[in-house]
Visitor: 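This structure is in structure tokens; I'll ask about it shortly.
So you know, we letter chains A, B, ... as the sequences are listed, proteins then strands, and number each from 1. Every heavy atom of this structure was used, including side-chain atoms; hydrogens, water molecules and symmetry mates were not.
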2 protein chains.
Amino acid sequence: MEEREDLGAMVFRLGRQLLAMERPILDRHGISMWAYAVLTALRERPMRTQAALAAGIGADKTRLIPVLDELQKRELIDREPDPDDRRVRLLALTPAGRRLHQAVQAEIRAAEADLLAAFPPGDREAFVRTLIGLTPR
Amino acid sequence: MEEREDLGAMVFRLGRQLLAMERPILDRHGISMWAYAVLTALRERPMRTQAALAAGIGADKTRLIPVLDELQKRELIDREPDPDDRRVRLLALTPAGRRLHQAVQAEIRAAEADLLAAFPPGDREAFVRTLIGLTPR
DNA sequence: CTTATTCGTAAGCATGCGCCTATCATGTGC
DNA sequence: GCACATGATAGGCGCATGCTTACGAATAAG
């Protein structure tokens, strides 16, 4: 077999690289990583409870609140009490939130494509396919 | 194109999974992640300065010191002043350090192989190959 | 010889995060 | 109605980390 590092070491380093790559994009749009994660989760589908959202993006439930406050203040999300169960806050993207997420994600995807451009298409596809398989939701 | 998450999201989740996978192994050997990173770096080659080592594993120079203290106390590394430049401490694995690293790494590699076992060999190889290419040292 | 630089070490500070508890409002089951 | 569970929120605690400063020892440069 090849002489290589542990997967963990490489994955962590790649994570740091991707973070460094994404941060300027997020900064340019004045949005934090957590906020972007929230927009991403809500784009796939609106969520009934904040706890479910927190679990879905692997964040602490209490730490999410200021993020939601900020997103709501900027009118990127709607957060309204559920008429059927007024304990819960229904969360959904506003049109502006959807637009912002779309713009940020497009830039991130372009940067990702740049990163992967050096590899043969077959390897790229196998890489992404395996990554998807390794990270079930 | 497939509907997929951003690479960053998947890579970070995978990193967390790998961390959770490795922690019991490291705990069983009474060693921290940073200490394991140090042993790994020193196994590849001894290092002349602690600053170089810190940079090599992406750690803060000052934060490395207690880790080295601990490793030295357990006689897993040698840390002796360089006779040619007595400012620097020459770092190298002891035989016990080498043995410990080998044992831990073997367990980690086995766990990694388990993780990847579900994927076709071609995908596995392309995944690792691309990962190596994406994380140059 | 004097000054500047490098290396290792120690200490402090701010940040971000996970975790745990408490509180309040609301719903559900008995 | 009453006890219990659930959701959102706030606050505090502890830990790991990154970043900065300071200092002593040793070396390099002028």
Visitor: I'd like to know if the side chain of B/Asp82 reaches the main chain of B/Asp84, judged simply by a donor and an acceptor atom lying under 3.5 Å from each other, with no hydrogens or angles considered.
Guide: yes
Visitor: Starting at CZ of B/Arg87 and ending at P of D/dA26, how long is that distance when rounded to a whole Å?
Guide: 11 Å
Visitor: Look at the side chain of A/Thr94 and the backbone N and O of A/Glu75, then say whether any donor-acceptor pair between them is shorter than 3.5 Å.
Guide: yes
Visitor: Please give, in whole Å, the distance from D/dT17 P to B/Leu19 CG?
Guide: 10 Å
Visitor: When you check every protein heavy atom under 4.0 Å of nucleotides 9-22 of chain C, what one-letter string (B, S, -) results, 5' to 3'?
Guide: BBB-----BBBB--
Visitor: Applying side chain to side chain contact (heavy atoms under 4.5 Å, CB included) between A/Arg23 and each of A/Ile25, A/Leu26, A/Leu19, report the one that passes.
Guide: A/Leu19
Visitor: Tell me: CD of B/Glu80 to P of C/dG8, nearest whole Å?
Guide: 14 Å
Visitor: For the side chain of A/Gln50 and the backbone of A/Leu64, is there at least one donor-acceptor N/O pair under 3.5 Å apart?
Guide: no
Visitor: Can you measure A/Asp85 atom CG to D/dG7 atom C1' for me and round it to whole angstrom units?
Guide: 8 Å
Visitor: Given atom CG of B/Asp82 and atom C1' of D/dT27, what is their separation to the nearest angstrom?
Guide: 12 Å
Visitor: Please figure out whether A/Pro83 or B/Thr49 has its closest DNA chain C nucleotide nearer the 5' end.
Guide: B/Thr49
Visitor: Tell me: CZ of A/Arg86 to P of C/dT28, nearest whole Å?
Guide: 12 Å
Visitor: Tell me if a side-chain donor or acceptor on B/Arg86 pairs with a main-chain N or O of B/Pro81 at a distance below 3.5 Å.
Guide: no
Visitor: I need the CE-P distance between A/Met47 and D/dG7, as an integer number of Å.
Guide: 13 Å
Visitor: Is there a path from A/Ile77 to A/Tyr36 through hydrophobic residues (I, L, V, M, F, W, Y) whose side chains come within less than 4.5 Å of each other?
Guide: yes
Visitor: Roughly how many Å is it from CZ in B/Arg48 to P in C/dT6, rounded to a whole number?
Guide: 14 Å
